[in-house]
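Structure record follows, encoded as structure tokens.
Starting from 1, each residue takes its place in the sequence as its number. No hydrogens, no waters, no symmetry mates; every other heavy atom, side chains included, goes into these values.
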Amino acid sequence: MRLGLALGYWGRGPSADHVPLAQEAERLGYHSVWTAESWGSDAFTPLTWIAAHTSRIRLGTAVAQMAARSPTTTAMHALTLDHLSGGRMMLGLGLSGPQVVEGWYGRPFPKSPLTATREYVDVVRQVLRREGPVELDGRFHAHPYRGPDGTGLGKALKPITHPLRAGLPVLLGAEGPKNVAQTTRIADGWLPLYWAPTRPQAYQASLDGLRDGFLVAPMARAHVCDDIAEGLLPVKAMLGFYIGGMGHAARNFHADLMARMGYEEEARRIQRLFLEGRRQEAVMAVPDAFADEISLVGPRERIAERLELWRKGPVTDLLVLSPDRHTLRVLADLNA
């Protein structure tokens, strides 16, 4: 199991520590560093900045939102950064949810998310392979565009720039069982949002028959500390926001996932509290047990024991979310 450093997306502004953290992770032997986006900073620009200040560590988006760009635009970003970094790019994509897609990107959330994702990946693959002009008779991502409001003058094109690697890895952030199952068929890897090594049954049906080389790369907050309850507070804050606020009361993929993992009553309570404006209560309503299952928090000896559980399953890459250099060093030492 390899280690990656997950930096997430910016809050109020850029972090001056992201490049030094990536450099430290590279020095410690981490395999990859990952950036994200929501409705603020984008995923590719910080990753390019990190690429310019490192030399070996792989560079991934976890995740770049599909609604933010057409698939050809995303492929252009990926092939450009792959060239500039000497072949270190890993493209992680996610569909996001209706609130973000319609509220931030101003476009309809696809009525068939599986089809939209499949078409998007198809177009990205065509660009990266550069075997011919990009053509797809698709429902969501037709190339050339032939809709009733078009001119009819669209021409199938292939990229002017020759991609460095036709096989640049494409990973998908997927949560629903059908979406995860499709990911194992059309992508090179999967980026789980929550992974509990003690609950393999939560995803087992979708992961049956994984092919060799398929990447499973969950993100987990890590903190070496003596007070476990205190160390779990950032995990609970994240869960309270995602489960309570990242989605509509009637359609929240994160809450649905928590429910499938055995915490349905708790997930609905968190949602209710958050939507009532009782955000701190929503955070405190996150069960310590759930926060603990999906993270690595506690003294070094406890993390060493729990790390063995992560190694026993299908996880190939553990993406560590931690701004603490001591924690990064301890995990590198334990995983050596």
Report yes or no: does [X] contribute a side-chain atom to a donor-acceptor pair with the main-chain N or O of [Y] at less than 3.5 Å?
X      : Y      : value
Ser206 : Pro177 : yes
Ser295 : Val297 : no
Arg88  : Ser85  : yes
Ser96  : Gln65  : no

Pair [X] + [Y], salt bridge at N-O below 4.0 Å:
X      : Y      : result
Asp137 : Arg146 : no
Arg27  : Glu24  : yes
Asp256 : Arg268 : yes
Glu131 : Lys158 : no

- Task: With salt bridge (charged side-chain N to carboxylate O under 4.0 Å, His left out) as the test, would you mind laying out the steps for Glu308 and Arg311 before giving the verdict?
- Result: CA-CA 5 Å; Glu308 289 302 318; Arg311 289 196 189 98; 2.4 Å; yes
- Message: Walk me through whether Tyr30 and Leu331 qualify under side-chain contact (heavy atoms from CB on, under 4.5 Å).
- Response: CA-CA 10 Å; Tyr30 278 58; Leu331 285 170; 3.7 Å; yes
Would you say [Y] ends up clustered with [X] if hydrophobic residues are merged whenever their side chains have heavy atoms under 4.5 Å apart, either directly or through other cluster members?
X      : Y      : value
Leu193 : Val100 : yes
Phe214 : Val121 : yes
Leu210 : Val170 : yes

- Message: Can you tell me how far apart CG (Leu239) and CD1 (Ile270) are? Round to the nearest 0.5 Å.
- Response: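 Between Leu239 CG and Ile270 CD1, I get 7.0 Å after rounding to 0.5 Å.
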- Task: Under 4.5 Å between side-chain heavy atoms, chaining through other members, with only Ile, Leu, Val, Met, Phe, Trp and Tyr counted: pull out the rest of the cluster around Trp34, sorted by chain and number.
- Result: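 Joined to Trp34, directly or through intermediates: Val63, Met90, Leu171, Leu191, Leu215, Met219, Leu319, Leu321.
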Non-hydrogen atoms of [X] and [Y] that approach each other most closely:
X      : Y      : answer
Pro323 : Arg221 : CD-NH1, 4.3 Å
Thr35  : Ala43  : OG1-O, 2.7 Å
Ala78  : Met89  : O-CG, 3.8 Å

- So with a 6.0 Å cut-off around CH2 of Trp49, is the heavy-atom count from everything else above 12?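 No, because the 6.0 Å sphere around CH2 of Trp49 holds 12 heavy atoms or fewer from other groups.
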- Under 30°, 30 to 60°, or over 60°: which ring-plane class applies to Phe290 and Tyr194, parallel, tilted or perpendicular?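 The arrangement is perpendicular - the two ring planes meet at more than 60°.
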- Item | salt bridge (charged side-chain N to carboxylate O under 4.0 Å, His left out) assessment of Glu305 paired with Arg302 | CA-CA 5 Å; Glu305 292 176 2; Arg302 184 175 192 264; over 6 Å; no
- Flag the pair Phe140 / Tyr120 as yes when at least one side-chain heavy-atom distance between them is below 4.5 Å, and no otherwise.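 They are not in side-chain contact.
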